[in-house]
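Notes follow the structure.
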Protein chains: 2
Amino acid sequence: MSSEEIDTRTRILDAAWRLLEQQQGQGVKMGDIAKAVGISRQAVYLHFPNRTDLLIATLSHVDEVKGLDKRLAQLEAATNSTEMLRACVEIWGNYIPEIYGMAKAMLQTRDTDEAMAAAWDSAMNCLREVCQQIIEYLASENRLSSEWSVDQATDFFWSQLSITNWETLTKDCGWSQQQYIEKMTSMLLKVLVS
Amino acid sequence: MSSEEIDTRTRILDAAWRLLEQQQGQGVKMGDIAKAVGISRQAVYLHFPNRTDLLIATLSHVDEVKGLDKRLAQLEAATNSTEMLRACVEIWGNYIPEIYGMAKAMLQTRDTDEAMAAAWDSAMNCLREVCQQIIEYLASENRLSSEWSVDQATDFFWSQLSITNWETLTKDCGWSQQQYIEKMTSMLLKVLVS
DNA sequence: TAATCAACTTGACATCGTGTCAATTGACAC
DNA sequence: GTGTCAATTGACACGATGTCAAGTTGATTA
C-alpha cells in the first residue's frame, strides 16, 4: 500500500511539470500548482522555499523520470565521431520538446533570478561537456575541419543545440521535429567535419 | 532656441534607451526612467500609455537615430549574392550590440505581453525579408546549395542571425565581435552556397 | 486515554512594480 | 482674467510572491 501514497513533494513536482508543459511554461503561478495538487498555496512553501527552487527541483525530477542520463549513455555505442554527433543531435533534439515548457519558464526567470541563472548554466554545462567530448573525438580522428579550434567548434556546436534555436526553427518557422533534426545534423556535419 | 528645447517625449525615449543599454535591458522600471528624465513617474504615462508602448517607441526611436535603414541600403551596392550575404551579416551583426539592452528587455516582456510579441515579430520580419532577398539572389545565381529550398534556407539564415544566438556566442562563449562575424559569415557561406 | 508531533489549513499582511484617478500648481496665450 | 496644457502630489487598486500566526486533523507514542 505504501506505493499508493505518493508523497506531497512528488505530487507538487508532477503537477508543476504537467502545468508547465500544458501551458508551455507560460503563466504558471504557485497558486495554480497548489490547486492542481489539491492543497493550499501556502502548503507548497512547506516543501519548497520559493518558486525558483521549485522549478529547479522540477527539472531534476523530470530529468530523472525521463532518464536523460540513460539516453545520453547510448552515445557510447557510437562507432565513430560522426555517428556520435548524429546520435547526440537526435537524442537532445528529441528531448527538447519533452521539457520545453519547463525550460521556457526557467529561461524567463533566469534574467531576474541569480539562483535560477546558476542552475540553468549548470544544466546547460552538462550538455556542453557532451558537445566537447564529441568535438574532441572528431579531432582525435583528424576529421575536425581545419578552420575550427576544439573550443570554438564546441561553442558553435553547443550554441546550435540551444533551446531558443529549436524554438525559432520549429515554432516560428514551422519546421517539423524531423526536419529540425535532419537539417541540424547535416548542417553540423558540413560545417564541422572535413 | 527651439532646437534647445527637446520635447519631453523625446527625452523619455533617450533616457529609456540609455538606461536599457547601461543595464543590458535588466530591471529598468518606469520610475527609473522618470527619475533619469527628471519628471515624476506619472508624467511618463502622459506620453506613453504603458511600458510596452514605451519600449516599442524606443525601438523605433533607436532605429531612426542609428539609421538601420540607411545601413541596410548599403546592401544594394553588393555586386553578387555572396557579397551581399557577407555585408548583411556584418551590418546586422554590428547592429546587435548597439541595441542589445533594448532587445533583451523586449524579449523579456514578449512572453507575457501580446502587443510586445506582435511588435517584436514585425521587427524581426523586416530582417527576415532581407534574408529572403539574399537567398533568392543566391538562387537566381544558381549558387544556393541543392539541399536547401529558398524558404528553408531563409529560415536557417534568419535563425542564425537571432539576437539570442549572438548573445550565446559573445556573452556565454566569450567570442569577440570580430570572431562572431567571421565565423558566422564563413559558416553561412559554407552551408548555403554550393 | 491523553499528550505530542507533523502536515496542512485559514486569513492577514508586507513588498514591488504597473497602472489609474483626482486635485492642484504654474506658465503661457488670447 | 480666463482657459488650457504639462506636470506635480498623493492615494489607491491589482496581481504575484513570500511571510507569519493560530488553529485543525490524524497518526504515533507514553
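Each chain gets a letter, A, B and so on, in the order its sequence line appears, and its residues count up from 1.
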side-chain N/O B:Thr8 vs D:dA6 OP1/OP2, d < 4.0 Å:
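No, no such contact exists.
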Using atom [atom1] of [X] as one end and atom [atom2] of [N] as the other, report the distance to the nearest whole Å.
X	N	atom1	atom2	result
B:Ile12	D:dA6	CD1	P	12 Å
A:Ile33	D:dG18	CD1	P	11 Å
A:Asp113	D:dT17	CG	C1'	12 Å
A:Gln42	C:dG11	CD	C1'	8 Å
B:Gln108	C:dG17	CD	P	14 Å
B:Asp32	C:dC16	CG	P	13 Å
B:Tyr45	C:dG17	OH	C1'	8 Å
A:Lys29	D:dC14	NZ	P	15 Å

Would you say the side-chain atoms of [X] and [Y] include a donor-acceptor pair closer than 3.5 Å?
X	Y	value
A:Gln152	A:Glu147	no
B:Asp7	B:Thr10	yes
A:Gln24	A:Lys171	yes
A:Gln177	A:Trp166	yes
A:Thr154	A:Gln132	no
B:Gln160	A:Gln160	yes

N/O donor-acceptor pair, side chain B:Arg41 with base C:dG19, under 3.5 angstrom
yes
Evaluate salt bridge (charged side-chain N to carboxylate O under 4.0 Å, His left out) for B:Arg51 paired with B:Asp113, printing each intermediate quantity in order.
CA-CA 10 Å; B:Arg51 203 181 110 103; B:Asp113 189 316; over 6 Å; no
Out of D:dT8, C:dT9, D:dA6, which has the shortest distance to the side chain of B:Ser40?
D:dT8
Complementary nucleotide of C:dC30, counting Watson-Crick and G-U pairs under 3.5 Å:
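Its partner is D:dG1.
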Residues from residues 46-54 of chain B lying under 4.0 Å of DNA chain D - heavy atoms:
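Those residues whose heavy atoms fall under 4.0 Å from DNA chain D, taken from residues 46-54 of chain B in numerical order, are B:Leu46, B:His47.
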